[in-house]
Amino acid sequence: MLALAFTAFSETSIEGSWVEPVPGLEQMMQGFKLEKNGKASSINMATLQYETWERSKNLLILTGKSIGNSQTITFSDTLTIEELTTEKLVLKKGNLTFYYQKTVDAKQENEIPVDTHTAEISLDYYGTYKGTLPAADCPGINVTLTLNKNKTFSKTEEYVDRDTFNSTGTYSINGNYLCTIDERQDTVFYKVEENRLRMLDRNKEVITGNLEEHYILKK
């Protein structure tokens, strides 16, 4: 019986989009997408970018880049597959256990349901925001972010004394939280405040410390 269970487990495909609730924001989802060619990508995880995946028996190996406030680190995570069905995936790493569910379309998980009693109607958040973010290898990053009324945005990131990058995409609002998704499916989260946007960390929380005020874009 145990052998039959292991066989069924090992033959179940792990490919697809797997998501879990964002801690503290359970109405939003995050996770990863595993494609047939070994390519992996993140879902709603702006600072943790998955790139490749590999399955070896009951192990899932994910590689990618972790983008912090001052550096980008290449990582490789090995997780134990505790349970795998066509709809459910349970992974374990050390003392941590992660419970994922399968979703049909990863893009749907980037769409945040609108709370009609908060920023969507109470704050005039449309317009252009500017600020200078901290950077590891240059004096700073001058950011210009424009939010359009049709839920699209454009962003210019000028690395001082270096290069300038432009991106476009869509955004959505949930409560007082805003999520931008660019053409590469990279996501960034902000907290909507009066006439400004506060950039959040990888856990969708306010960045604290000496540089806290440098993660604010103002109109």
Side-chain angles (χ1 to χ4, degrees), residues 21-32 41-50 64-73 75 109-115 118-120 122-149 151-219:
V22 176
L25 294 172
E26 280 69 23
Q27 72 275 26
M28 297 169 57
M29 307 297 281
Q30 66 180 12
F32 48 82
S41 57
S42 301
I43 300 173
N44 272 358
M45 304 177 77
T47 57
L48 190 65
Q49 299 181 355
Y50 293 114
K65 295 178 181 177
S66 176
I67 303 174
N69 296 335
S70 60
Q71 60 183 336
T72 298
I73 300 174
F75 70 87
E109 301 305 333
N110 287 326
E111 298 177 0
I112 307 175
V114 173
D115 182 343
T118 50
E120 185 74 36
S122 62
L123 297 178
D124 182 18
Y125 61 87
Y126 305 120
T128 299
Y129 298 81
K130 295 183 179 182
T132 301
L133 303 180
D137 52 0
C138 70
I141 307 171
N142 294 327
V143 177
T144 300
L145 174 64
T146 299
L147 302 178
N148 303 311
K149 290 186 177 182
K151 294 296 190 300
T152 63
F153 77 90
S154 61
K155 181 167 68 172
T156 298
E157 296 172 288
E158 178 193 355
Y159 287 72
V160 179
D161 298 331
R162 289 180 53 193
D163 302 317
T164 298
F165 300 93
N166 298 308
S167 60
T168 59
T170 61
Y171 70 89
S172 51
I173 290 270
N174 177 41
N176 289 328
Y177 293 90
L178 182 144
C179 171
T180 62
I181 311 169
D182 67 17
E183 60 268 31
R184 298 177 302 172
Q185 296 301 304
D186 290 337
T187 59
V188 180
F189 290 87
Y190 302 88
K191 184 177 180 181
V192 181
E193 300 177 346
E194 193 69 38
N195 292 320
R196 64 184 193 176
L197 298 176
R198 184 183 294 273
M199 188 175 178
L200 305 179
D201 66 13
R202 60 180 293 178
N203 296 316
K204 288 76 178 178
E205 296 179 353
V206 173
I207 299 170
T208 59
N210 295 334
L211 298 177
E212 179 176 350
E213 296 304 308
H214 292 274
Y215 289 94
I216 294 176
L217 305 181
K218 299 180 181 179
K219 271 190 173 182

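The structure displayed is predicted, hence computed values, not measured ones. We use all heavy atoms of the structure for the numbers below, so side chains are in, but hydrogens, waters and symmetry mates are not.
- Pairing each heavy atom of Ile141 with each of Ala135, the nearest pair is CG1-CB, 3.8 Å.
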Using the side chain to side chain contact (heavy atoms under 4.5 Å, CB included) rule, take Glu213 and Arg198 through it: C-alpha gap first, then chi angles, then the decisive distance, then the call. CA-CA 9 Å; Glu213 296 304 308; Arg198 184 183 294 273; 4.1 Å; yes
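- For the pair Glu183 and Ser167, the tightest heavy-atom approach, listed with the atom from each and the gap, is OE2-CA, 3.7 Å.
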Using distance only, find each side-chain donor-acceptor pair of residues 153-161 under 3.5 Å and give its atom names and separation, not counting sequence neighbours.
unit_1, atom_1, unit_2, atom_2, d
Thr156, OG1, Asn166, OD1, 2.9

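- Tyr50 and Gly31 get closest at one heavy-atom pair: CE1-O, 4.2 Å.
- Rounding to the nearest 0.5 angstrom, the gap separating the OG1 atom in Thr128 from the CG atom in Asn148 is 8.0 Å.
- The side chain to side chain contact (heavy atoms under 4.5 Å, CB included) test with Leu145 singles out one residue from Val188, Leu178, Leu197, and that residue is Leu197.
- Residue Leu200 holds its CG atom at 6.5 Å from OH of Tyr177, rounded to the nearest 0.5 Å.
- For Thr164, there are no side chain to side chain donor-acceptor pair (under 3.5 Å) partners two or more places apart in sequence or in a different chain.
- Legend: salt bridge (charged side-chain N to carboxylate O under 4.0 Å, His left out) pairs involving residues 163-182, not counting sequence neighbours, sorted by first then second residue: Asp182-Arg184.
- Here CD1 of Ile207 is found 5.5 Å from CG of Asp201. Values are rounded to the nearest 0.5 Å.
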Could you go through the side chain to side chain contact (heavy atoms under 4.5 Å, CB included) check for Lys151 and Ser172 one step at a time? CA-CA 7 Å; Lys151 294 296 190 300; Ser172 51; 5.8 Å; no
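- Side-chain atoms of Lys219 come within 3.5 Å of backbone N or O of Tyr126 as a donor-acceptor pair.
- Note: Leu147 CG to Ile173 CD1 = 7.5 Å, rounded to the nearest 0.5 Å.
- Interatomic distance, Phe189 CZ to Glu205 CD, rounded to the nearest 0.5 Å: 12.5 Å.
- Thr132 pairs by the side chain to side chain donor-acceptor pair (under 3.5 Å) definition with Asn142, not counting sequence neighbours.
- Between the OG atom in Ser41 and the CG atom in Asp186 there is a gap of 10.0 Å [rounded to 0.5 Å].
- For the pair Thr180 (side chain) and Tyr171 (backbone), a donor-acceptor distance under 3.5 Å is absent.
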